[in-house]
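What follows is a set of notes on a single structure, which appears directly below.
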Amino acid sequence: MEQVVVTAEPFDPHVETEKLHGENPSIGAIVDFIGWMRDFNDGDSVSRMTLEHYPGMTEKALRKIVDEALRRWDLLGVRVVHRVGELKPSEPIVLVAVASAHRGEAFRACEFLIDYLKTCAPFWKKESTIAGERWVEAKRSDEAARGRWEDASKSS
Amino acid sequence: MEQVVVTAEPFDPHVETEKLHGENPSIGAIVDFIGWMRDFNDGDSVSRMTLEHYPGMTEKALRKIVDEALRRWDLLGVRVVHRVGELKPSEPIVLVAVASAHRGEAFRACEFLIDYLKTCAPFWKKESTIAGERWVEAKRSDEAARGRWEDASKSS
Amino acid sequence: MTIQLHFFASLREALGSDGETLELERDGLRVADVLDLLRARGGCWQDALGEDKTVMAAVNQEMCGHETCLADGDELAFFPPVTGG
Amino acid sequence: MTIQLHFFASLREALGSDGETLELERDGLRVADVLDLLRARGGCWQDALGEDKTVMAAVNQEMCGHETCLADGDELAFFPPVTGG
């Protein structure tokens with residue numbers, strides 16, 4: 001199964017998680033992160049969003065992050081799916097699903113993956129508000145979230 | 001929506017998460033933990049499991065844990081579903097789904113909920129192996145996982 | 001006073017009972033006193049509730065320590081450490 | 001040497017271009033040197049790539065610092081901080 005998918009089509013996070021579990025009876029835990037498009041950001045209502053990416057590099061960057069997670073933790077599977085193109089509120093933007101025998105590894109790896117994705121994978125969001133279109137600014141808190149993983153070698 | 005469900009019927013974790021998201025367009029992040037029945041435990045293959053609970057107290061204990069999570073973090077919704085009765089390998093045992101505007105809260109609350117559920121909610125597992133039936137022993141690591149949340153007041 | 005007793009899981013099986021109504025002559029007993037009374041029955045009671053076993057207790061569906069005092073009409077449950085999730 | 005340039009997101013819009021093929025007379029240039037060359041065009045180039053802006057770079061689809069050296073045929077991308085997820 002392809003671990004990394006970048007798609008311009010809407011996707012169903014549940015179908016993706018189902019694929020990860022398959023009927024693999026040694027999987028004891030799955031932790032999923034699903035990021036949804038919100039109808040409100042920075043004080044304005046948002047009616048539409050366009051997600052731009054860097055074809056080729058984006059997939060490579062995601063695969064590199066997944067490989068790092070597989071190196072750090074004992075996992076039974078990883079799936080990362082990210083939308084690009086035009087999105088409407090309440091559509092899923094990203095799914096990060098991690099399977100493991102025990103839950104600690106899956107929690108750590110899932111949060112690691114989304115923290116790195118947010119700061120190292122080339123995606124850019126543009127929002128449509130009543131005042132027009134605007135590019136979303138990078139958040140300092142995302143940089144800080146990623147920083148937590150840099151000193152730590154293998155977290156428990 | 002009922003936040004806590006204890007059910008003798010198989011459940012679909014994805015339908016439950018879908019209910020949590022609803023079409024609430026202010027939800028930016030959902031973190032799900034799904035615990036699955038494994039076909040192997042403590043060196044033996046397991047063909048069937050029976051989950052016993054304490055009707056009344058179990059639901060109360062789960063609601064108390066959920067209330068504590070809502071007090072500690074800024075959340076947009078919580079759903080906890082737990083199977084009881086007879087289970088087969090690859091069936092979901094438990095779902096803990098947490099919705100929030102930003103991801104940090106959802107990750108913390110989801111792990112808090114499952115760590116407390118594992119040590120404070122009255123459920124007991126009995127496994128059927130080729131050698132017969134046996135009650136699952138409580139794990140010291142679960143007690144340690146819960147302990148992490150006791151000193152910490154509101155974790156960031 | 002009267003206490004409603006419940007036993008769960010491996011303890012229920014070891015005792016061959018899921019509970020009983022217990023009539024007590026004295027008031028103001030603690031959970032530990034009830035445990036002593038039950039152990040005094042000997043046999044499977046003494047074994048399953050032995051000091052070497054971890055026996056959890058809940059009074060009126062709230063987990064509690066063995067020093068908790070009981071009142072007339074209380075629901076008292078004994079069970080092994082929980083293993084859900 | 002020849003470098004394939006790509007611009008993304010707000011940078012692409014500000015420059016009115018998603019990329020170009022750049023012929024360079026000297027070899028051994030760094031990412032920072034190419035940035036200087038582009039800024040020297042003035043106008044929107046100077047503004048969008050100004051020292052006050054955070055301009056991220058990737059060489060051959062790997063994020064890198066501005067001191068990275070370039071080789072003939074390299075793919076060089078400039079873009080603002082990423083905002084996916």
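Each chain gets a letter, A, B and so on, in the order the sequences are listed, and its residues count up from 1. All values below come from the heavy atoms of this structure, side chains included, with hydrogens, waters and symmetry mates left out.
Heavy atoms of A:Glu18 lying under 4.5 Å from chain B belong to its backbone as well as its side chain. At a 4.5 Å heavy-atom cutoff, the contact between A:Lys139 and chain B is made by side-chain atoms alone.
With respect to chain B, the highest number of heavy-atom pairs below 4.5 Å among A:Ile93, A:Asn41, A:Ile30 belongs to A:Ile30. Chain B forms the most heavy-atom pairs under 4.5 Å with one residue out of A:Ala145, A:Cys110, A:Gly35, A:Pro89, and that residue is A:Cys110. Ranked by heavy-atom pairs under 4.5 Å with chain A, the first of B:Gly22, B:Ala29, B:Pro13 is B:Ala29. Looking only at heavy-atom pairs under 4.5 Å with chain A, the residue among B:Thr17, B:Val96, B:Ile34, B:Asn24 that has the most is B:Ile34.
With respect to B:Asp42 and B:Arg134, no salt bridge is recorded, no charged nitrogen being found less than 4.0 Å from a carboxylate O. Taking the charged nitrogens against the carboxylate oxygens, B:Arg108 and A:Glu111 do have a contact shorter than 4.0 Å, which makes a salt bridge.
Ring orientation note: the planes of A:Trp73 and A:Phe112 are nearly perpendicular, at an angle over 60° on the 30°/60° scale.
Taking the six-membered ring for Trp and the full ring otherwise, B:Phe123 and B:Tyr54 have centroids separated by 6.0 Å or more.
With values rounded to the nearest 0.5 angstrom, B:Glu91 atom CD is found 10.0 Å from B:Trp36 atom CH2.
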